[in-house]
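Only a predicted model underlies this, so the values are computations on that prediction, with no experimental measurement involved. Each chain gets a letter, A, B and so on, in the order the sequences are listed, and its residues count up from 1.
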2 protein chains.
Amino acid sequence: MASSSGLHAARARGGNARQLVHELLRARIVGLELPPGAPLSENELAAELGVSRTPVRESLILLAEEGLVDVYPQLGTFVSRIRERDIASAQFVREALESAALRDSVERTDERDLLELRALLAAQADAERRADPETFFRLDEEFHARLMAAGGHPEAWSFVQHAKAHLDRARRLSLPLEHQLALLIRQHTDVVDAVERRDAAGADAALRGHLRQVFADVETVRTQHPELFADEDAPPRPRRGQRKRPTAG
Amino acid sequence: MASSSGLHAARARGGNARQLVHELLRARIVGLELPPGAPLSENELAAELGVSRTPVRESLILLAEEGLVDVYPQLGTFVSRIRERDIASAQFVREALESAALRDSVERTDERDLLELRALLAAQADAERRADPETFFRLDEEFHARLMAAGGHPEAWSFVQHAKAHLDRARRLSLPLEHQLALLIRQHTDVVDAVERRDAAGADAALRGHLRQVFADVETVRTQHPELFADEDAPPRPRRGQRKRPTAG
DNA sequence: TGACGTCGGCTACCATACAAGTACGTCAGA
DNA sequence: TCTGACGTACTTGTATGGTAGCCGACGTCA
């Protein structure tokens, strides 16, 4: 009910039901609140969110396009398991785009951009002191987006975001590791420092090192949580998970 | 009726109505059969294609996500005009991804990849001799996709394709220029030659030159067909075009 | 005991009905 | 002639009904 009224309120304020449901489900999936393999029923979601099946269905179609859910007609919709290829592809796309944008950042960045980036770094350090990975996650996203904007390519961020969703799902589990946040902030700082020095090669090296660090974290998570990943290449049968039937009998 | 029964037949063979409508509309938009600014009525399309509003609507949502149509609630859906920013963003994304993939191609490409690429070049030359820009367009797409696959990044092609749609809409008008096809083929050949020589810098330069040539063509089209482009940044009112009312009265 | 056929319940897909809102033609009035 | 209000016809957004198909459990038969 809380979700329902909350959505209703948001709907009165802002956008349409589809966008809200889409953002909500996306956040739940990327935040692993809806883990890979979880079944998503149009009916259940519609009932839970207090809307009809239509906006839910349209949201699921968009999520399917992003690769975050798999739709099996007449069978069900499931949060997609993390696939080796998706991860590799996402990493490639992200590195290519952010690196290319950074090249332009080194030339174009002005004082104002640097101030904003520094402010984000300070906020990240604050989140690290408070041991607040959720806030850090948000600030991390904002940092990378801001960096691309500084290079004059704010629109391209949506492509990175698209790819990043797959990485983030896995990465989120590795973030709480206490040493991680400080390390990532250090790497962020290195990038900004190099940009400020107008050191293109240094900035590129720092960024790629950072992104590959993230990539490595994913591999760590993989060994710790193999159930989130797809074992084989193409599991034709999603092996419908146990529906809600809590050992009743 | 032809469209309707054709879709019905395809539907019996293959995918669902949504995918078919999506692909059809996308092809019409990128091929300028549906020019920028054209109104798209869910009802009209549904009637024409012999399906209900639902799959049409879902297709339009996907096209809106790609930036190919603009949806104004309670007002109408229109083929998006070509925007300066979309073009620039698309060019940036494409260049970054294809260039990064090419870097890997130079290291990974084997004899088989080269043979396929050479075969595509030959087919392109054939299309040029027959003055068949449509076929060339398809082969061009296949060439670039194959090039990325040779670098080990076939999945990333979908990102390029996403961005490319905006460029293609404008570019299509420039292709029939008689000298163009030969020039593009020459540039393609230069890229493959450099890859075969394992000349990373040369390949990168050739590819970027090629992609920027394409970008320049867009500017040429812009001066010749300004009506396809969005004059201002954000036209809040789409100025609904005259509905079908052929001077009747 | 094990294999096979049937049936119930679930799914997504599609079609249709209703609601909310905008643009534009028409018409009354100054 | 010009201006402004109103009604109609259109739009997308949302809700709901109906259909085909798949899964899994149950009952039947060998």
Ring geometry between B/His162 and A/Phe159 (parallel below 30°, tilted from 30 to 60°, perpendicular above 60°): perpendicular

Aromatic plane relationship, B/Tyr72 with B/Phe78 - under 30° parallel, 30 to 60° tilted, over 60° perpendicular: perpendicular

For [X] and [N], give me the distance from atom [atom1] to atom [atom2], rounded to whole Å.
{"X": "A/Gln19", "N": "D/dT14", "atom1": "CD", "atom2": "C1'", "value": "14 Å"}
{"X": "B/Arg18", "N": "C/dA12", "atom1": "CZ", "atom2": "P", "value": "12 Å"}
{"X": "A/Leu75", "N": "D/dA20", "atom1": "CG", "atom2": "P", "value": "18 Å"}
{"X": "A/Leu49", "N": "D/dA15", "atom1": "CG", "atom2": "P", "value": "11 Å"}
{"X": "A/Phe78", "N": "C/dT11", "atom1": "CZ", "atom2": "P", "value": "9 Å"}
{"X": "A/His22", "N": "D/dG13", "atom1": "NE2", "atom2": "P", "value": "15 Å"}
{"X": "A/Leu45", "N": "D/dA15", "atom1": "CG", "atom2": "P", "value": "14 Å"}

Ignoring hydrogens and geometry, is there a side-chain-to-backbone donor-acceptor pair from [X] to [Y] under 3.5 Å?
{"X": "A/Thr77", "Y": "A/Val71", "value": "no"}
{"X": "B/Arg169", "Y": "B/Pro35", "value": "no"}
{"X": "A/Gln124", "Y": "A/Leu139", "value": "yes"}
{"X": "B/Ser99", "Y": "B/Ala96", "value": "no"}

Choose from [options] the nucleotide whose nearest atom is closest to any side-chain atom of [X].
{"X": "B/Asn43", "options": "D/dT12, C/dA15, C/dC13", "result": "D/dT12"}
{"X": "A/Val51", "options": "C/dA15, C/dC13, D/dA15", "result": "D/dA15"}
{"X": "B/Ser41", "options": "C/dC13, D/dT11, D/dT12", "result": "D/dT11"}

Flag for B/Glu65-A/His22: side-chain donor and acceptor within less than 3.5 Å: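 No pair is found: no donor N or O on one side chain lies under 3.5 Å from an acceptor on the other.
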
Residues in contact with DNA chain D, drawn from residues 56-63 of chain B - heavy-atom cutoff 4.0 Å: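 Hits under 4.0 Å, by residue number: B/Arg57.
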
Side-chain heavy atoms of B/Val221 within contact of B/Arg171, under 4.5 Å: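 They are not in side-chain contact.
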
Residue pair A/His166 / A/Val93, side-chain heavy-atom distance below 4.5 Å: no

Position toward the 5' end of DNA chain D (nearest nucleotide), A/Arg53 or B/Glu42: B/Glu42

base_contact_polar (D/dT12 base, B/Gln74 side chain, donor-acceptor, <3.5 Å):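 Between D/dT12 and B/Gln74, which were checked side chain against base, a qualifying N/O pair under 3.5 Å is present.
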
Axial bend angle, the helix from C/dT1-D/dA30 to C/dA30-D/dT1: five-pair end segments, nearest 10°: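 It comes to 10° between the two terminal axes.
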
First encountered from the 5' end of DNA chain C, between A/Thr54 and A/Thr77: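 It is A/Thr77 whose nearest nucleotide is closer to the 5' end.
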
